[in-house]
Novice: 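Quick one: this structure, given as structure tokens, is what I'll be asking you about.
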Amino acid sequence: MASRAGTVALPQDLVDITALLDAYFDVTPDLGDPAQRVAFGTSGHRGSSLKSSFNEPHILAITQAIVEYRGRQGITGPLFIGRDTHALSEPAQNSALEVLAANGVTVLVDARHGYTPTPALSHAILKYNREAAPGTPQADGIVVTPSHNPPGDGGFKYNPPHGGPADTDATGWIADRANQLLENGLRGVKRIPLNDALNADTTGKFDFLSSYVDDLPSVLDLDAIRNAGVRIGADPMGGASVDYWGEIGERHQLNLTVVNPTVDPQWAFMTLDWDEKIRMDCSSPSAMASLIKRMASSDGGRSAYDVATGNDADADRHGIVTPDGGLMNPNHYLAVAIDYLYRNRSGWNPESVVGKTLVSSSIIDRVAAGLGRKLVEVPVGFKWFVPGLLSGEGAFGGEESAGASFNKRDGSVWTTDKDGILLALLASEITAVTGKSPSQLYKGLTDKFGAPVYARIDAAATREQKAKLGKLSASDVTATTLAGEDITAKLTEAPGNGASIGGLKVVTENAWFAARPSGTEDVYKIYAESFKGAEHLAKVQEEAKALVDGVIA
């Protein structure tokens with residue numbers, strides 16, 4: 001059968017919301033099954049109530065663990081909490097509020113009873129802590145979101161006072177304590193009824209939307225966008241940015257159309273992703289098929305918009321669609337954004353470095369060198385960019401998975417979590433200031449630095465093999481060449497900060513590959529890139545798989 005990727009979802013593709021919510025409250029996880037225990041990945045604890053991996057006991061235990069963690073850390077300021085549009089997000093937020101109020105934690109919820117993008121929560125934490133009087137207790141936050149995951153999933157992540165994702169020390173402690181509480185039948189979890197929690201003296205409200213939207217001129221040249229009349233089509237993709245985009249257009253008088261304001265917990269309007277699942281991945285051509293098609297429609301030969309953008313459910317990722325290039329590869333847009341920003345942000349520290357993950361495209365390395373800027377390459381995970389963004393020493397941090405953020409025009413911090421709204425609006429600023437689309441500018445970069453071909457494949461691996469891959473040392477790799485080129489580096493630690501990459505990266509003059517075990521599936525992932533074309537890339541991938549299989553066998 002032909003793949004249905006890129007076609008609108010059918011009734012059989014939709015999750016049963018009633019069953020999903022019933023399972024959240026009725027199912028007790030089996031702690032003998034590792035998949036049903038609390039486990040924090042790079043973006044918090046995720047799972048589905050239908051798989052017994054995201055149920056009320058999980059959230060009650062995690063929230064109590066967060067309360068105890070922040071107590072151990074001396075964090076006594078308000079806790080900002082927000083949720084996205086996934087069906088499990090509202091009940092999970094309510095469960096968290098019951099525990100937070102019972103523990104006497106000051107909590108600030110959305111004043112509009114709406115949805116809160118991850119970057120808006122990060123921005124709120126940083127703004128509060130920056131403006132608070134010296135000695136004032138610091139704020140932190142919780143975002144209830146599984147990001148771009150399917151409609152049947154839920155997610156729960158903690159952001160400490162630095163505003164970004166919690167590090168592994170924090171999440172490890174929180175997960176261990178949460179599992180202890182689950183094993184003890186939730187004894188030790190304090191909880192009061194939801195109505196009492198909502199009316200508690202410690203529960204207040206915060207206008208996340210106004211705080212974020214009104215501050216945008218400090219980080220973007222909105223005057224240039226407005227004056228150039230850039231026609232923007234913004235697709236919230238049924239996510240938490242739905243009300244933000246309309247307000248951005250209205251408050252800043254931009255020529256902005258909210259392409260699809262629909263919010264539906266089943267996401268019945270979505271086109272299916274590559275594997276025929278509903279997934280709000282704004283970097284996927286299949287998931288973005290509707291917006292790509294709309295952009296291609298013309299009025300007298302003119303595209304519908306000058307720039308069209310998409311965001312995932314919590315708006316921490318971006319997708320950029322241009323009239324001439326369609327949906328841009330995230331790596332390509334990151335290269336353009338870096339080149340533009342470091343040439344046009346005179347208020348930034350002239351010594352600020354460029355931050356990228358080690359599986360992002362090497363064209364970024366060449367762009368950074370062309371700018372005369374130091375490149376800092378870190379492991380996968382946005383948390384590694386937090387210190388640089390806070391200090392201004394790393395004014396931009398970006399991931400290959402369409403997540404990035406950068407500092408305000410004066411060099412101070414904007415967010416320390418990924419901001420898909422920011423990167424989407426930047427595409428319009430770039431268009432307004434340069435008179436060219438980001439895809440046209442990328443063509444100019446490839447003319448100068450070469451055109452890379454980039455891909456990721458998955459390969460089967462047992463749990464034992466994945467563990468072995470995560471513990472490799474450079475000496476375990478005896479090969480001296482890769483796809484006909486001498487190997488110049490064998491990395492198991494990120495060159496930017498010396499942190500373990502949990503896998504292996506092998507580099508040559510014109511190519512590289514990186515292999516990392518999946519945290520959720522019995523596979524390992526091979527990221528690979530070549531500046532010598534698709535045929536050479538295929539050879540790199542073939543040899544990479546053979547090399548990795550040989551050392552983990």
Side-chain angles (χ1 to χ4, degrees), residues 42 118-119 122-132 134 138-140 159-170 215-216 218-221 316 318 331 333-401 403-420 422-423 426 429 491 493-501:
T42 55
T118 287
S122 177
H123 179 271
I125 294 171
L126 292 168
K127 187 172 187 290
Y128 178 92
N129 290 336
R130 181 175 60 251
E131 296 178 354
Q138 295 282 281
D140 55 359
N159 286 33
H162 62 52
D167 62 25
T168 50
D169 288 342
D215 199 23
L216 281 170
S218 71
V219 68
L220 292 160
D221 189 350
D316 70 344
H318 59 271
N331 278 298
Y333 180 60
L334 289 182
V336 171
I338 290 166
D339 188 67
Y340 172 82
L341 287 167
Y342 282 85
R343 294 183 189 278
N344 288 274
R345 290 299 190 263
S346 58
W348 284 7
N349 177 354
E351 301 299 320
S352 61
V353 303
V354 177
K356 62 163 263 194
T357 53
L358 59 87
V359 294
S360 300
S361 173
S362 286
I363 196 169
I364 294 173
D365 305 46
R366 300 183 182 192
V367 167
L371 293 166
R373 297 278 182 158
K374 179 183 176 182
L375 180 82
V376 174
E377 192 173 37
V378 299
V380 173
F382 202 79
K383 63 186 178 184
W384 302 108
F385 299 124
V386 171
L389 291 169
L390 284 171
S391 68
E393 295 175 6
F396 182 98
E399 297 184 313
E400 81 297 335
S401 57
S405 190
F406 55 87
N407 282 352
K408 293 183 178 182
R409 296 161 78 179
D410 65 3
S412 62
V413 64
W414 169 252
T415 61
T416 45
D417 215 326
K418 301 186 290 286
D419 191 341
L422 177 70
L423 270 292
L426 176 66
E429 179 188 326
L491 305 173
E493 296 179 346
N497 58 5
S500 171
I501 65 177

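As the structure is a computational prediction, the values presented were derived from the model and not from experiment.
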Novice: Using ring-ring contact (aromatic ring centres under 6.0 Å, His included) as the criterion, list what pairs up with Tyr342, not counting sequence neighbours.
Specialist: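 Partners of Tyr342 under the ring-ring contact (aromatic ring centres under 6.0 Å, His included) test: Trp348.
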Novice: Enter the distance from Asn344:CG to Arg409:CZ here, rounded to the nearest 0.5 Å.
Specialist: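 Those atoms lie 10.5 Å apart.
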Novice: Looking at residues at least two apart in the chain, or sitting in another chain, which of them share a salt bridge (Lys or Arg N to Asp or Glu O under 4.0 Å) with Glu429?
Specialist: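 Residues passing salt bridge (Lys or Arg N to Asp or Glu O under 4.0 Å) with Glu429: Arg345.
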Novice: Could you tell me the separation between the NZ atom of Lys418 and the NE2 atom of His318, rounded to the nearest 0.5 Å?
Specialist: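 One finds 11.0 Å between NZ of Lys418 and NE2 of His318.
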Novice: Contact between Pro387 and Thr416 at the side-chain level, heavy atoms closer than 4.5 Å - yes or no?
Specialist: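 Pro387 vs Thr416: side chains apart.
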Novice: Rounded to the nearest 0.5 Å, what separation is found between the NZ atom of Lys127 and the CH2 atom of Trp414?
Specialist: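 If we round to the nearest 0.5 Å, Lys127:NZ and Trp414:CH2 are 10.0 Å apart.
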Novice: Assess, by modelled atom type and distance only, whether the side chains of Asn159 and Asp140 contain a donor and an acceptor separated by less than 3.5 Å.
Specialist: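 No, because no side-chain N or O of Asn159 sits under 3.5 Å from a partner of the opposite role on Asp140.
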Novice: Measure the spacing between OH of Tyr340 and CZ of Phe396 and express it to the nearest 0.5 Å.
Specialist: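 Reported to 0.5 Å precision, the distance equals 13.0 Å.
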Novice: How far does CG of Leu341 sit from CZ of Arg343, to the nearest 0.5 angstrom?
Specialist: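 One gets 11.5 Å once the value is rounded to the nearest 0.5 Å.
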Novice: Are side-chain N/O atoms of Ser352 and Arg373 paired as donor and acceptor at under 3.5 Å?
Specialist: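 Note: Ser352 and Arg373 side chains meet the donor-acceptor criterion.
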Novice: Within a 6.0 Å radius of atom CD on Glu131, are there more than 12 heavy atoms belonging to other residues, nucleotides or ligands?
Specialist: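 Check passes, neighbour count above 12.
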Novice: Do Glu493 side-chain atoms and Ile501 backbone N/O form a donor-acceptor pair below 3.5 Å?
Specialist: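 No, Glu493 side chain to Ile501 backbone: no donor-acceptor pair under 3.5 Å.
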Novice: Grab the two heavy atoms, one from Leu358 and one from Pro379, that are nearest each other, plus how far apart they are.
Specialist: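 The pair with the smallest heavy-atom distance is CD2-CA, 3.9 Å.
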Novice: Without swapping roles, check the side chain of Asn331 against the backbone of Ser361 for a donor-acceptor pair under 3.5 Å.
Specialist: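 Answer holds: yes.
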Novice: Hey, does Leu371 have a side-chain heavy atom less than 4.5 Å from the side chain of Ile338?
Specialist: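 Yes, their side chains come closer than 4.5 Å.
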Novice: Quick one: NZ on Lys356 to CD1 on Ile364, what's the gap to the nearest 0.5 Å?
Specialist: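 The CD1 atom of Ile364 is 5.5 Å from NZ of Lys356, to the nearest 0.5 Å.
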Novice: For Thr357 and Glu400, run side chain to side chain donor-acceptor pair (under 3.5 Å): C-alpha distance rounded to whole Å, both residues' side-chain angles, the deciding distance at 0.1 Å, then the answer.
Specialist: CA-CA 7 Å; Thr357 53; Glu400 81 297 335; 2.9 Å; yes
Novice: Start with the C-alpha distance between Leu426 and Tyr333, add both sets of side-chain angles, then the distance that settles side-chain contact (heavy atoms from CB on, under 4.5 Å), and finish with yes or no.
Specialist: CA-CA 10 Å; Leu426 176 66; Tyr333 180 60; 3.6 Å; yes
Novice: Shortest non-hydrogen contact from Gly398 to Leu334?
Specialist: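 Taking every non-hydrogen atom into account, C-CD1, 4.1 Å.
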Novice: Can you give me the closest heavy-atom contact between Arg130 and Val413, atom names plus distance?
Specialist: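 It is NH1-O, 4.1 Å.
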Novice: Mind running side-chain contact (heavy atoms from CB on, under 4.5 Å) on Asp419 and Thr118 for me, showing each step along the way?
Specialist: CA-CA 7 Å; Asp419 191 341; Thr118 287; over 6 Å; no
Novice: Any idea which heavy atoms bring Asp417 and Phe382 closest together, and the distance?
Specialist: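 Looking at all heavy atoms of both residues, the shortest contact is C-CE2, 3.6 Å.
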Novice: Using a distance-only test with no angle check, is there a side-chain donor-acceptor pair under 3.5 angstrom linking Trp384 and Asn497?
Specialist: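 No, no side-chain donor-acceptor pair sits under 3.5 Å.
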Novice: Could you go through Asp215 and His123, starting from their C-alpha distance and side-chain angles, then the distance that decides it, and tell me whether this counts as side-chain contact (heavy atoms from CB on, under 4.5 Å)?
Specialist: CA-CA 10 Å; Asp215 199 23; His123 179 271; 2.8 Å; yes
Novice: Check step by step if side-chain contact (heavy atoms from CB on, under 4.5 Å) holds for Leu375 and Val353.
Specialist: CA-CA 6 Å; Leu375 180 82; Val353 303; over 6 Å; no
Novice: Check whether the side chains of Asp410 and Ser412 place a donor and an acceptor atom closer than 3.5 Å, and report yes or no.
Specialist: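 Present: a donor and an acceptor within the cut-off.
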Novice: Given 3.5 Å as the limit, does a donor-acceptor pair link the side chain of Asn129 with the main chain of Pro161, or not?
Specialist: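 A pair under 3.5 Å: yes.
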Novice: Just so I know, are the side chains of Phe406 and Val219 near enough to count as touching, which here means a heavy-atom distance under 4.5 Å?
Specialist: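 Yes, at least one pair of side-chain atoms sits under 4.5 Å.
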Novice: Which atoms form the tightest heavy-atom contact between Ala337 and Leu423, and what is the distance?
Specialist: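 That closest heavy-atom pairing would be CB-CD1, 4.4 Å.
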Novice: How close do Thr415 and Ser405 get, heavy atom to heavy atom, and via which atoms?
Specialist: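 Closest approach of Thr415 to Ser405: OG1-OG, 2.6 Å.
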